[in-house]
Amino acid sequence: MDIEKQNIPCLITIFGATGDLSHRKLFPSLFHLYQQDNLNEKVAIIGVGRRDWSNEKFRSEIKLSIEKFVKDTHKLEDFLEHVFYQSHDVNLKESYDNLLQLSNELDNQFNLEGNRLFYLAMAPEFFGTVSDFLKSSGLTKVKGFKRLIIEKPFGTDLKSAEKLNTQLRKSFKEEEIYRIDHYLGKDMVQNIEVIRFSNAMFEPLWNNKYISNIQVTSSEILGVEDRGGYYDKSGALKDMVQNHMLQIVSLLAMEPPISLASEDVRNEKVKVLRAIRNIKPEHVRSYFVRGQYDEGVINGEPVQRYRDEDNVDPNSNTPTFVAAKVLIDNFRWAGVPFYIRTGKRMKEKEIRVVVEFKEVPMNLYYDRDKQLDSNLLVINIQPNEGIELHLNARKYIEGIDTEPIKLSYAMTAQDKMNTVDAYEGLIYDCLRGDSTNFTHWEELKATWGYVDTVANYWDEHPAPFPNYPAGSNGPIKSELLLSRDNFRWWDFN
Ligand code: BG6
């Protein structure tokens, strides 16, 4: 991280501290921030969980996770001295009274200047309850700042998201609520804005005059793992499209902000999300494709179908794949489809954006009837990180022909060394009070509004699932979605 270190004193309280996210992401990220001096001695972290653990037991568990996920562990013992544990029942007033007492003690001991950050990394049904108790117990009555980081899912539809938001707003102001979308913490997602707005060669072409379509893919090899219970109620539409996919679309499509201040960037994102054409129920089938994985083979190993996964209904109608054609009704994008595609148990792990440019007016070269290859700007987000520009260059045969060439830049391990994970940057942003890479309520409102129609239509019209084998690129209809418009998905592997 090359931003100036700010060393903000703070008490960080993590609800759900014994869970998977805390172990894999949050504590390794906090440790790395500490190790890099982005958190200093004036920090204390309380892990809150149901289990009846002591500080020592919690520290030893955290230590194991950190050693697993961070290579260089110097200063780990020092860091652990800032870590505490509180066994907690989210529905019990006494638990919050105890937490308040511990918080006040740590505030004095570590000189935290009354700054408090609460991180909800727990089952979403408790978000509202915890937030209410934080206020009624006096935990949010602070001398310094108070902030709330909240994990997804933020509601399961617009109505429940509104309800949750109203409840949170009783204890926190909008600017104190940091809704995580971990895609916004990814280096190459943050790079989209930089590529667009710091290069003279892209922005003039970034519109419906020169771009024919934009494709955003996020495919996973993994299935639902041990999250069947959650996933079967959510599915790819709510788990990925409503948040990560539409966030990437908004960054690709927004107008240049007047500055990089959170509010200016957000205003542009909200504007473009509102400009997405709402789908009428009778048009869902033309704009959206859903899929659910069948058994198949991945990396030579057989894998079971979705309906046989643990905690999944054997007749489940939940999509594990979604592709969609998103249209943005504004002057810049009218007529340019944004195709998005996401799925589990697919052929490869790939998060990628492809911007396809329109053809030149005519082919002057050898075979004039041949269509020239499209110019593409490819933004590789994960696991490869970098950009590629696909162009046409000279190929000598009897006449002059063209052949596609590729200019590419890949981020090196050196470039990536500074952070352990997207979460690290996001937590640091929150400590500094920078909400640019978090989801504002207005963005959520727009995306839930868009997705709800599709979800409702699908609930009412079950699909002939399963319809794609594990280890493939998804259902055939996903190819048809583009071929109908004379396009195709750009897959490079
Ligand atoms: C999460 C989803 O938000 O993103 C998961 O809940 C999904 O289902 C994950 O696996 C994908 O994240 P990434 O960073 O691996 O692409």
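Computed from heavy atoms alone, side chains included, the values below leave out hydrogens, waters and symmetry copies. Both counts, for ligands and for their atoms, begin at 1 and track the order of listing. When a residue number appears, it is its place in the shown sequence, counting from 1. Nothing here was measured: the structure is a model prediction, and the numbers come from that model.
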Pairs where residues 237-254 contributes a residue and the test salt bridge (Lys or Arg N to Asp or Glu O under 4.0 Å) is met, not counting sequence neighbours = Lys152-Asp239, Arg227-Asp239

Check: Asn311/Glu309 side-chain N/O donor and acceptor closer than 3.5 Å = no

task = If the plane angle is over 60° it's perpendicular, under 30° parallel, otherwise tilted; pick one for Tyr423 and Tyr119.
result = tilted

request  = Would you please name every residue forming a ring pair (Phe, Tyr, Trp, His ring centres under 6.0 Å) with Phe79, sequence neighbours left out?
outcome  = Phe31, Tyr34

Protein N/O near ligand 1 N/O, under 3.5 Å, which pairs?
unit_1, atom_1, unit_2, atom_2, d
ligand 1, 3 (O), Lys152, NZ, 2.8
ligand 1, 3 (O), His244, NE2, 2.7
ligand 1, 6 (O), Lys152, NZ, 2.7
ligand 1, 6 (O), Arg227, NH2, 2.8
ligand 1, 6 (O), Asp239, OD1, 2.6
ligand 1, 6 (O), Asp239, OD2, 3.3
ligand 1, 8 (O), Arg227, NH1, 2.9
ligand 1, 8 (O), Asp239, OD2, 2.6
ligand 1, 8 (O), Lys344, NZ, 2.8
ligand 1, 10 (O), Glu220, OE1, 2.6
ligand 1, 10 (O), Glu220, OE2, 3.1
ligand 1, 10 (O), Lys344, NZ, 3.0
ligand 1, 12 (O), His182, NE2, 3.1
ligand 1, 14 (O), His182, NE2, 2.8
ligand 1, 14 (O), Lys186, NZ, 2.5
ligand 1, 15 (O), Lys349, NZ, 3.0
ligand 1, 16 (O), Tyr183, OH, 2.6
ligand 1, 16 (O), Lys349, NZ, 2.7

ask   = How are the rings of Tyr450 and Phe288 set to each other: parallel, tilted or perpendicular (split at 30° and 60°)?
value = tilted

remark   = Sorted by chain and residue number, the ring pair (Phe, Tyr, Trp, His ring centres under 6.0 Å) partners of Phe133 (sequence neighbours excluded) come out as Tyr96

